[in-house]
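Chain naming here is simple, since letters A, B, ... match the order of the sequence lines and numbering starts at 1 in each.
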Amino acid sequence: MPSDNLAKQAPAFRAALIDWYDQNARDLPWRSAPSTYGTVVSEFMLQQTQVKTVLPYFDAWLKKYPNFKQLATASEEQVLKSWEGLGYYSRARNLHKLAKEVSEIPESELPTDSKSWLKFPGVGPYAAAAICSISFDDPSAVVDGNVVRILSRITADESDYKNSTDAAKSYRDLVQELLNPERPGDHNQAMMELGATVCHKQSPNCLLCPVREFCKGYAEGIAEEVPKLAKTKFEDKSVNRAWIQDGKRVLLHKIPDSAKRMKGLHELPELLPLKLATPKAKPLAKRKRSITRYRITENIYKFSPAKLPQQLPTDYLWVEHSKLGELPFSGPHRRWITELLDD
DNA sequence: AATCCGGGGCT
DNA sequence: AGCCCAGGATT
């Protein structure tokens with residue numbers, strides 16, 4: 001890997017990149033009036049989520065929770081409700097916990113280095129480097145999916161990677177050498193901006209690229225073929241759920257804190273915990289969706305409340321139709337309930 | 001080291 | 001309909 005050559009050209013690379021960024025940076029709300037809080041919120045929301053999706057959530061979030069203290073005093077249900085539809089809901093819970101921890105720290109004692117920020121919930125190597133470089137000029141380079149893509153192309157790295165984590169590790173040293181020590185936050189954002197707007201996964205716009213002259217992948221015509229990341233295999237899975245109405249109420253399951261995922265969200269109950277047998281009749285609704293490596297078929301069956309056990313298990317609740325809007329759901333559950341209520 | 005989390009936008 | 005995306009926690 002020609003990283004030695006690239007490292008020697010680091011000053012020229014940095015200059016070309018930052019000049020381009022100064023001219024072409026998108027006007028994003030978390031850039032217009034930067035604060036540590038706004039930076040933290042944006043970095044949590046942007047994990048595995050595209051800018052366009054985040055925009056409306058970010059604005060609403062800052063209006064509702066303008067600072068760490070206000071977020072810290074909100075209820076978890078409110079916080080999850082505000083996150084509804086963004087996905088990866090543990091991010092919201094972790095951001096809430098982080099706000100509670102940060103609120104207890106006098107502002108002058110808030111850490112400004114990425115190693116310290118790693119201790120906060122929901123903050124991994126990427127977020128720690130992003131937050132500290134942007135907010136405190138800490139010289140920590142980020143390695144996200146964009147950076148991996150850019151550097152694999154610039155170095156014409158045709159290695160086969162099992163996953164993005166392994167690829168990120170292989171660029172840790174190079175990306176740190178390239179970092180602009182004068183403006184680490186802008187440099188990091190410039191790399192990600194370049195990946196998001198020019199160095200696309202498919203059909204990279206090399207003719208507009210400010211660092212094309214450093215790009216071995218471009219010179220060799222293989223930019224589009226790297227990085228080589230193993231493809232994930234999908235697994236089919238089906239889940240059976242119950243739609244049970246009793247007058248103007250519908251039965252829901254609140255996912256407990258002891259669960260592995262989607263804690264605190266509500267969902268249409270699965271059949272097994274309610275001792276409901278899978279009907280032979282056609283389901284009321286059939287929905288397909290993909291989550292990570294699963295293709296899930298959700299079968300939603302209609303039951304009469306009379307079929308339920310005498311005593312409902314814990315965490316199951318009847319909710320008035322008029323109150324459904326107040327509870328947090330994941331996007332799909334929110335959609336299904338809306339669709340089924342219209343029937 | 002492997003596995004899991006959701007959703008939307010784009011081609 | 002598939003593919004991808006400003007990753008982190010858990011085991």
Angle between ring planes, Tyr161(A) versus Tyr171(A), binned at 30° and 60°: parallel, tilted or perpendicular? tilted
Should the ring pair Tyr316(A) and His253(A) be called parallel, tilted or perpendicular, given that the plane angle runs from 0 to 90° and is split at 30 and 60? parallel
Distance check, P atoms only: dA6(C) and dC10(B), in whole angstrom units. 13 Å
Taking only the P atom of each, what is the distance from dT10(C) to dG6(B) in whole angstrom? 14 Å
With heavy atoms under 4.0 Å as the rule, sort [X] into base, sugar-phosphate or nothing.
| X | value |
| --- | --- |
| Ala168(A) | nothing |
| Leu28(A) | base |
| Val54(A) | nothing |
| Thr49(A) | base |
| Lys263(A) | nothing |
| Arg93(A) | nothing |
| Gly195(A) | nothing |
| Trp83(A) | nothing |
| Met262(A) | sugar-phosphate |
| Arg289(A) | sugar-phosphate |
| Arg334(A) | nothing |
| Arg287(A) | nothing |

[X] [atom1] to [N] [atom2], straight-line distance once rounded to whole Å:
| X | N | atom1 | atom2 | value |
| --- | --- | --- | --- | --- |
| Gln48(A) | dC3(C) | CD | C1' | 13 Å |
| Arg91(A) | dA6(C) | CZ | P | 13 Å |
| Met45(A) | dG7(C) | CE | C1' | 16 Å |
| Gln50(A) | dC3(C) | CD | P | 16 Å |
| Arg261(A) | dG6(B) | CZ | P | 8 Å |
| Gln189(A) | dA6(C) | CD | C1' | 9 Å |
| Asp166(A) | dG7(C) | CG | C1' | 14 Å |
| Phe120(A) | dG8(C) | CZ | C1' | 16 Å |

Inspect the contact between Arg14(A) and Glu182(A) and indicate whether a charged nitrogen and a carboxylate oxygen are less than 4.0 angstrom apart. no
Looking at Lys81(A) and Glu326(A), does any basic side-chain N land under 4.0 Å from a carboxylate oxygen? no
Among Asp138(A), Asp22(A), Asp137(A), salt bridge (charged side-chain N to carboxylate O under 4.0 Å, His left out) partner for Arg183(A): Asp22(A)
Is [X] near enough to [N] that one of its side-chain N or O atoms lies under 4.0 angstrom from OP1 or OP2?
| X | N | answer |
| --- | --- | --- |
| Tyr89(A) | dG7(B) | yes |
| Ser330(A) | dG7(B) | yes |
| Lys201(A) | dC3(C) | no |
| Arg295(A) | dA1(C) | no |

Start at the 5' end of DNA chain B and walk down; is the nucleotide closest to Asn163(A) or to Gln47(A) reached first? Asn163(A)
So which one's nearest nucleotide on DNA chain B is more toward 5', Lys169(A) or Lys52(A)? Lys169(A)
Given pairs defined as Watson-Crick or G-U wobble with both distances under 3.5 Å, what dot-bracket annotation applies to DNA chain B, with ( ) intrastrand, [ ] crossing, | other strand and . unpaired? |||||.|||||
Is it possible for you to check whether Arg91(A) lies under 6.0 Å from the centre of the six-membered ring of Phe44(A), through NZ or CZ, and within 45° of that ring's axis? no
Side chain of Tyr294(A): nearest nucleotide among dA6(C), dG8(B), dC5(B)? dC5(B)
Arg149(A) side-chain proximity, nearest of dA6(C), dA2(B), dG9(B): dA6(C)
As a test of understanding, state which of Tyr57(A), Phe58(A), Tyr65(A) forms a ring-ring contact (aromatic ring centres under 6.0 Å, His included) with Trp61(A). Tyr65(A)
On a heavy-atom basis, the closest approach of Leu229(A) and Ala167(A) is CD2-CB, 4.1 Å
Starting from Leu62(A), can I reach Leu95(A) by hopping between I/L/V/M/F/W/Y residues whose side chains sit under 4.5 Å apart? yes
First encountered from the 5' end of DNA chain C, between Gln202(A) and Pro125(A): Gln202(A)
Phe120(A) and Trp117(A): aromatic ring centres closer than 6.0 Å? yes
